[in-house]
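Shown next, in structure tokens, is the structure this report addresses.
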Amino acid sequence: MTAARIVASRKALIFDLDGTLVDTQPDIRKAINGALRDCGFDEIAQDAKVPNLHATLPVILSAVMEQLGIAESAMEPLRQAYIKHYRAQAHGGSELYPGVMELLQAHQGRGGIMAVCTNKNRADALDVLGRCDILHFFQYVTGGDTTAHPKPHPAPLAHTLEQLQTEPADAILIGDTHADALCAQTVKTGFMLHLAGYGGQAALDCPNDAQFSSYAELQGQPGSSF
């Protein structure tokens, strides 16, 4: 079954955020560099890929610190500085992937329901979704701090399905990393891989129901009326 047919057949679409709905890497890199600068460390290169973008903030920062040879004792000052910079930037460099708005409108129009399941802090997730003018499409947003464990643990996705009152077979998780794929596999719901995201080879090595590079590939199917 094609990616478009899968999307059209599922009542519930559950999306990852970073690298799936929104390209947030420019803002994340800018905030990391601001934090590094404030704490007296060298910045990461503007063309360097930020590591572990599938993960929670401490895991991302830990990977950056390891790359730059920064001691673990700097974690808390860097975390606080990052939060300051990230929220001050107000997601000015984050952009929806082309075709996202059209897909959300189409699924809403056929009576489908949608949610976000992200490892980003929930408050920040709500903010970026609001600033991109898509928050109103989602019945629920699960953040990395909503449940006791972030993805790839099954808890965030299971919680999202519970909030939507939807069975796993009636939903599909759309994401870009191995954390999304493994989470969906454990919960026994479908998984669709966004190839233009941040997942790389680790995501490609995981099972998926379909892959797509552009949201335009998900258009053109009439779908069910739910």
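Please read these numbers as outputs of a predicted model, since none were measured by experiment. Because only heavy atoms are used, hydrogens play no part in the values below, and waters and symmetry mates are left out as well, while side chains stay in. Positions are given from 1 along the sequence.
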Cationic tip of R5 above F212 ring, under 6.0 Å, 45° of axis: no
Distance col, row Y97:OH vs S213:OG, nearest 0.5 angstrom, shows 11.5 Å
Answer whether the closest heavy-atom distance between the side chains of Y198 and D23 falls below 4.5 Å. yes
Take M1 and S9, measure what side-chain contact (heavy atoms from CB on, under 4.5 Å) needs, and give me the verdict at the end. CA-CA 10 Å; M1 189 180 293; S9 69; 4.3 Å; yes
Taking atom CD of Q211 as the centre, report whether more than 12 heavy atoms of other residues, nucleotides or ligands fall under 6.0 Å from it. yes
Any sub-3.5 Å donor-acceptor pair from R37's side-chain atoms to D42's backbone N or O? no
Inter-residue atom distance H153.NE2 - C183.SG, 0.5 Å rounding: 9.0 Å
Among D18, D145, D27, the one residue meeting salt bridge (charged side-chain N to carboxylate O under 4.0 Å, His left out) with K120: D18
Could you tell me whether R10 and D170 have a side-chain N and a carboxylate O separated by less than 4.0 Å? no
If I compare all heavy atoms of A171 with all of L161, which pair ends up nearest, and what's the gap? CB-CD2, 3.7 Å
So, are R87 and D124 salt-bridged, with charged N and O less than 4.0 Å apart? yes
If I take atom CE from residue M75 and atom CG from residue L61, how far apart are they, to the nearest 0.5 angstrom? 5.5 Å
Looking at A216, is its backbone amide N or carbonyl O close enough to the side chain of Q219 to form a donor-acceptor pair, meaning the two atoms are under 3.5 Å apart? no
Output the distance between atom CD (Q185) and atom CG (L173), rounded to the nearest 0.5 Å. 12.0 Å
Can you find a heavy atom in the side chain of L57 that is under 4.5 Å from one in the side chain of N121? no
Are F137 and L13 packed together at the side-chain level, in the sense that at least one heavy-atom pair is separated by less than 4.5 angstrom? no
Should L96 and I28 be regarded as members of a common hydrophobic cluster, given that ILVMFWY residues are connected when their side-chain heavy atoms come within less than 4.5 Å of each other, either directly or indirectly? yes
Short question: side chain of T146, backbone of G143 - any donor-acceptor pair under 3.5 Å? yes
Would you indicate whether the side-chain heavy atoms of Q80 and L78 approach each other to under 4.5 Å? no
Of I14, T160, L157, which meets side-chain contact (heavy atoms from CB on, under 4.5 Å) against T189? L157
Just by distance, no angles: are the side chains of D127 and H91 close enough, under 3.5 Å, to form a donor-acceptor pair? yes
Is the number of heavy atoms from other residues, nucleotides or ligands under 6.0 Å of Q67 CD greater than 12? yes
For I60 and P51, work out which heavy atoms get closest and say how close. CG2-O, 3.7 Å
Does the side-chain contact (heavy atoms from CB on, under 4.5 Å) test come out yes or no for F191 and L182, once each step is laid out? CA-CA 9 Å; F191 173 65; L182 295 173; over 6 Å; no
Without hydrogens or angle criteria, can the side chains of H194 and D16 be said to hold a donor-acceptor pair below 3.5 Å? no
Nearest heavy-atom approach of D209 to G190 is OD2-CA, 3.3 Å
Are L53 and Q25 side-chain neighbours, meaning at least one heavy-atom pair lies under 4.5 Å? yes
Are side-chain heavy atoms of L164 and M114 found at a separation under 4.5 Å? no
May I ask you to decide if Q46's main-chain N or O and R29's side chain share a donor-acceptor pair within less than 3.5 Å? yes
Calculate, to the nearest 0.5 Å, the distance between atoms CD and CD belonging to Q165 and Q163 respectively. 8.5 Å
Would you find more than 12 non-hydrogen atoms of other residues, nucleotides or ligands less than 6.0 Å from E95 atom CD? no
For P150 and P156, the nearest pair of non-hydrogen atoms, with its separation, is C-CG, 3.8 Å
Nearest heavy-atom neighbours spanning G175 and D180: CA-OD2, 3.5 Å
Could you check whether any side-chain N or O of K151 sits under 3.5 Å from a backbone N or O of C117, counting only pairs where one atom can act as donor and the other as acceptor? yes
At what distance, to the nearest 0.5 angstrom, does OH of Y82 lie from NE2 of H85? 11.0 Å
Checking V116 against T142 for the side-chain contact (heavy atoms from CB on, under 4.5 Å) test, could you report, in this order, the C-alpha distance in whole Å, the side-chain angles of both residues, the deciding distance, and whether it holds? CA-CA 6 Å; V116 170; T142 298; over 6 Å; no
Residues T24 and V128: closest non-hydrogen pair is CG2-CG2, 4.4 Å
Sub-4.5 Å side-chain heavy-atom contact between D205 and H178: no
Is I32 reachable from M65 through a run of I, L, V, M, F, W or Y residues, each pair having side-chain heavy atoms under 4.5 Å apart? yes
If hydrophobic clusters are built from ILVMFWY residues whose side chains come within less than 4.5 Å, do V59 and Y86 share one? no
Residue pair N119 / T56, side-chain donor-acceptor N/O under 3.5 Å: no
Are I83 and F41 connected into the same hydrophobic cluster when the rule is that any two of I, L, V, M, F, W, Y join if their side-chain heavy atoms are below 4.5 Å apart? yes
Single-linkage hydrophobic cluster, 4.5 Å side-chain cutoff, M101 and L21 together: yes
Treating Q89 as the side-chain partner and A31 as the backbone partner, does any N or O pair qualify as donor plus acceptor under 3.5 Å? yes
Does any non-hydrogen side-chain atom of T20 lie less than 4.5 Å from one of I174? yes
Which is it for L218 and I6 under the side-chain contact (heavy atoms from CB on, under 4.5 Å) test, yes or no, and what are the steps along the way? CA-CA 9 Å; L218 305 185; I6 291 172; over 6 Å; no
